[in-house]
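Some notes on the structure that comes next.
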Amino acid sequence: MHVGHQMWERLGLDEILRRAGLSGRACTLSEVMTLNRLIDPTSELAMPDWVRRTALGDILGTDFAELNEDHLYRNLDVLHPNRETIERELAERERTLFNLDETIYLYDLTSTYFEGQAEKNGQAKRGYSRDQRPDSKQVVVGLVLDRDGFPKAHEVFDGNAQDRTTVGQMLDALERRSAGKTAVTVIVDRGMAYRENLDEIRRRGYHYIVAGRQPERNEWLDALESDEGWEKVIRAPSPCNPLQKKTIVEIKRERKGEELFILCRSDGRQEKDRAIREKQERRLLRDLEKLKERIEKGRLKRAEKIHQAVGRLKERYPRVARYYEIEVDLEHKTLCWCEHADKKDRARKLDGSYVLKTDRADLATDEIWRSYMLLTRVEDAFRDMKGPLRERPVFHQLEHRVQTHIFLCVLAYHLLVVIEQYFLDRDMHTSWPTVRDALRTHQVVTVVLPAQSGGVLRIRKGTTPEPEHRRIYETLKVPMEVMRPVKSWMPAGRS
């Protein structure tokens, strides 16, 4: 709690919230809700009791005896219209504080599912679930980070939004929050690597690095199979594991028109691609057999329904469905399929390979590859938001409260990444959950001292930090003292 509050103050969040028009009470409640996400996420219903069990009132010097869930719900309503202003000023504050490099923006998407029907939320829809929860409605969350992992912008999209349709909206949001900075390279995954999106990125004055889509990889099959022109990427082991053996990655530079292509092949990825493809193929064939049985036994008769079932299988297993020709024989009431051996053989040859493309011909080959690999930081951010910060599942049913819930998770992630950055600056690779668990034993206690006159002296104070606590506080440059001791005298005869 002490560390979270100190980071909140260091980022000047109270001042940022006040400039956005929030009252002092709203600023305090916003900090309470953000620290709850950071430390021990609970619902708004359970949060008042959680606050009263912690030292938050002592640290903030606020009495939370009357706090209830209605206060917190109203604060969600107050925060909602000010999210964009707060995010813009917070990003500027972090850039100044840590001298951040803003020449690269990393953009990716994830989904967050609901508990309940969310019937009053127009954005709650069923779509491709990255949480493996196709049974639940969801929203799609887009997040932009800089190369150091600090958030620059986020947006909440409809749950059935396709990756390729979000790029323009996110660029709009990014320009509003970053004052229209140009000469920036935007890095996105292959789900957004469509020509209209790349043209839009260039039209806005940005550069791009993207992973090529499957058809583009097929075009480079001969070059990928050739052993000429490849160079190995030198990859250092993780500082946390100096004995780590990195998989071999080879890259090759090719030019086509105005675009630069980086052909890549990886031993580790080859095994992964093969395993994923074979697993999906087994599942597709199993489900085809089940569908065939339903048709032959007369449990599925209408042609329309049969074709819909086949379409759903193709949608569920797109990686391998293209290797099979699936035909419905209505006359004999059966289903048959045959394998395209040439397509399957091509897929085997492409296992472990991928293609990057960019308009940055001025960059070295390995620099382009390393820049694209930074996209894993967005995946790490989503993992933190869904793990320690518990962004999912979403229990709110109203659209604006869902958006504010996700915004609070992003605010908590700002604090998390700042904390971890202080450790990285000292070459210490420590995660926030590790720091949080280590600090749980530094507590605030009440010392009760009976007096000879019959009265009682109560002293509310922080315990003496242990050596491990001191090392953490020194790294984060926060005071050792959680709070100044508060003394209260209770005369004899009063309980």
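Being a predicted model, the structure only gives us computed values, none of them experimental.
With rounding to the nearest 0.5 angstrom, the CG atom of Asp172 is 10.0 Å from the CE atom of Met170. Taken from CG in Asp273 to CG in Leu350, the straight-line distance is 9.5 Å, to the nearest 0.5 Å. Once rounded to the nearest 0.5 Å, the distance linking CD of Gln421 with CD of Glu94 reads 10.0 Å. The line from CD of Glu339 to OH of Tyr324 is 4.5 Å long, rounded to the nearest 0.5 Å. Atoms CD1 and CZ, on Ile368 and Phe261 in that order, are 11.5 Å from each other to the nearest 0.5 Å. The CG atom of Leu11 lies 12.5 Å from the CD atom of Glu89; values are rounded to the nearest 0.5 Å.
A salt bridge links Arg203 with Glu200: at least one charged nitrogen is closer than 4.0 Å to a carboxylate oxygen. Under 4.0 Å is where a charged nitrogen must lie from a carboxylate oxygen, and between Asp131 and Arg133 no such pair does. Salt bridge annotation for Glu155-Arg177: present, with a cationic side-chain nitrogen under 4.0 angstrom from a carboxylate oxygen. The residues Asp108 and Arg130 are annotated as not salt-bridged, no charged nitrogen and carboxylate oxygen being separated by less than 4.0 angstrom. Classification of Arg95 and Glu92 as a salt-bridged pair holds, one side-chain N sitting under 4.0 Å from a carboxylate O. Taking a cutoff of 4.0 Å between a charged side-chain nitrogen and a carboxylate oxygen, Glu281 and Lys344 qualify as a salt bridge. Between Asp380 and Arg383 there is a salt bridge, since a side-chain N of the basic residue sits under 4.0 Å from a carboxylate O of the acidic one. A salt bridge links Asp437 to Arg440: one of the charged nitrogens lies within less than 4.0 Å of a carboxylate oxygen. The pair Arg370-Asp366 counts as a salt bridge, with a side-chain nitrogen and a carboxylate oxygen less than 4.0 angstrom apart. Ionic pairing of Glu102 and Arg147 is not present here: no N-O contact between side-chain nitrogen and carboxylate oxygen is shorter than 4.0 angstrom. Using a 4.0 Å cut-off between charged side-chain N and carboxylate O, Arg195 and Asp199 make a salt bridge.
Using a distance-only test at 3.5 Å, with no hydrogens or angles considered, a donor-acceptor pair links the side chain of Thr358 to the main chain of Tyr208. With hydrogens and angles disregarded, no donor-acceptor distance shorter than 3.5 Å links the side chain of Arg269 to the backbone of Arg265. A donor-acceptor pair under 3.5 Å links the side-chain atoms of Arg126 to the main chain of Asp135, judged by distance alone. Under a 3.5 Å cut-off, the side chain of Asp329 and the backbone N or O of Lys333 do not form any donor-acceptor pair. A donor-acceptor pair under 3.5 Å is absent between the side-chain atoms of Lys357 and the main chain of Leu260, judged by distance alone. For Trp432 (side chain) and Leu38 (main-chain N/O), a donor-acceptor pair under 3.5 Å exists by modelled atom type. Formation of a donor-acceptor pair under 3.5 Å by the Ser226 side chain with backbone atoms of Asp222 is not found in this model. A side-chain donor-acceptor contact under 3.5 Å links Arg37 to the backbone of Arg390. The backbone N or O of Gln162 sits nowhere less than 3.5 Å from a side-chain atom of Thr166 that would complete a donor-acceptor pair. Checking side-chain atoms of Glu250 against main-chain N and O of Lys232 turns up no donor-acceptor pair under 3.5 Å.
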*Given His396 and Glu44, is the side chain to side chain donor-acceptor pair (under 3.5 Å) satisfied, shown in steps?*
CA-CA 10 Å; His396 293 287; Glu44 280 73 19; 3.2 Å; yes
*Dump the intermediate steps for side-chain contact (heavy atoms from CB on, under 4.5 Å) on Lys152 and Tyr105, then the final yes or no.*
CA-CA 8 Å; Lys152 295 299 170 188; Tyr105 286 154; 3.9 Å; yes
*Intermediate values then yes/no, side-chain contact (heavy atoms from CB on, under 4.5 Å), Leu375 and Tyr107*: CA-CA 7 Å; Leu375 202 56; Tyr107 174 47; 5.8 Å; no
*Applying salt bridge (Lys or Arg N to Asp or Glu O under 4.0 Å), run through Glu231 and Arg253 and close with a yes or a no.*
CA-CA 9 Å; Glu231 59 179 279; Arg253 192 182 186 100; over 6 Å; no
*Could you please spell out the steps behind the side-chain contact (heavy atoms from CB on, under 4.5 Å) verdict for Asp158 and Val139?*
CA-CA 5 Å; Asp158 290 353; Val139 290; over 6 Å; no
_Worked check of salt bridge (Lys or Arg N to Asp or Glu O under 4.0 Å) between Arg176 and Glu84_ = CA-CA 8 Å; Arg176 292 193 301 270; Glu84 193 170 294; 3.0 Å; yes
*Can you list the steps and then say if Lys297 with Glu293 is a salt bridge (Lys or Arg N to Asp or Glu O under 4.0 Å)?*
CA-CA 6 Å; Lys297 289 185 176 182; Glu293 183 180 355; 2.9 Å; yes
*Could you give me the CA-CA distance, side-chain angles and deciding distance for Arg93 and Leu97, then say whether side-chain contact (heavy atoms from CB on, under 4.5 Å) is met?*
CA-CA 6 Å; Arg93 171 65 176 159; Leu97 191 62; 4.2 Å; yes
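Judged by distance alone, the side chains of Thr247 and Arg235 do bring a donor and an acceptor atom under 3.5 Å apart. When only modelled atom types and interatomic distance are considered, Tyr317 and Asp287 share a side-chain donor-acceptor pair under 3.5 Å. In this model, a donor atom of one side chain and an acceptor atom of the other lie less than 3.5 Å apart for His469 and Thr441. Between the side chains of His332 and Glu296, not a single donor N or O lies within less than 3.5 Å of an accepting N or O. In the model, Ser266 has no side-chain atom that pairs as donor or acceptor with a side-chain atom of Tyr354 under 3.5 Å. Side-chain atoms of Arg10 and Tyr422 form a donor-acceptor pair, as typed in the model, at a separation below 3.5 Å. Judged by distance alone, the side chains of Thr112 and Lys386 never bring a donor and an acceptor atom under 3.5 Å apart. In this structure, a donor-acceptor pair under 3.5 Å is absent between the side chains of Arg83 and Thr404. Side chains of Tyr413 and Glu391: a donor-acceptor N/O pair is absent below 3.5 angstrom, by distance only. A donor and an acceptor atom, one from each side chain of Gln397 and Gln117, are nowhere located under 3.5 Å apart. Inspection of the Gln6 and Tyr473 side chains reveals no N or O donor paired with an N or O acceptor under 3.5 Å.
Looking at heavy atoms from C-beta onward, Glu175 lies in side-chain contact with Tyr206 at the 4.5 angstrom threshold. A 4.5 Å side-chain heavy-atom check between Asp148 and Phe98 finds every atom pair outside the cut-off. Using a 4.5 Å heavy-atom cutoff, the side chains of Glu87 and Val410 are in contact. For the pair Leu363/Thr185, no side-chain contact is recorded, criterion being any heavy-atom separation below 4.5 Å from C-beta on. Contact annotation: the side chain of Ile251 never approaches that of Leu263 to less than 4.5 Å [non-hydrogen atoms, C-beta and beyond]. By the 4.5 Å heavy-atom criterion applied to side chains, His207 and Val184 are not counted as neighbours. Inter-residue side-chain proximity for Val188 and Val167 is flagged as unmet; no heavy-atom pair is nearer than 4.5 Å. At a threshold of 4.5 Å between non-hydrogen side-chain atoms, the residues Thr365 and Val233 do not count as touching.
Scanning both residues, Leu284 and Ala321, for their nearest heavy atoms gives CD2-CA, 3.9 Å.
Counting heavy-atom neighbours within 6.0 Å of Lys301 NZ, excluding the residue itself, gives a total of 12 or less.
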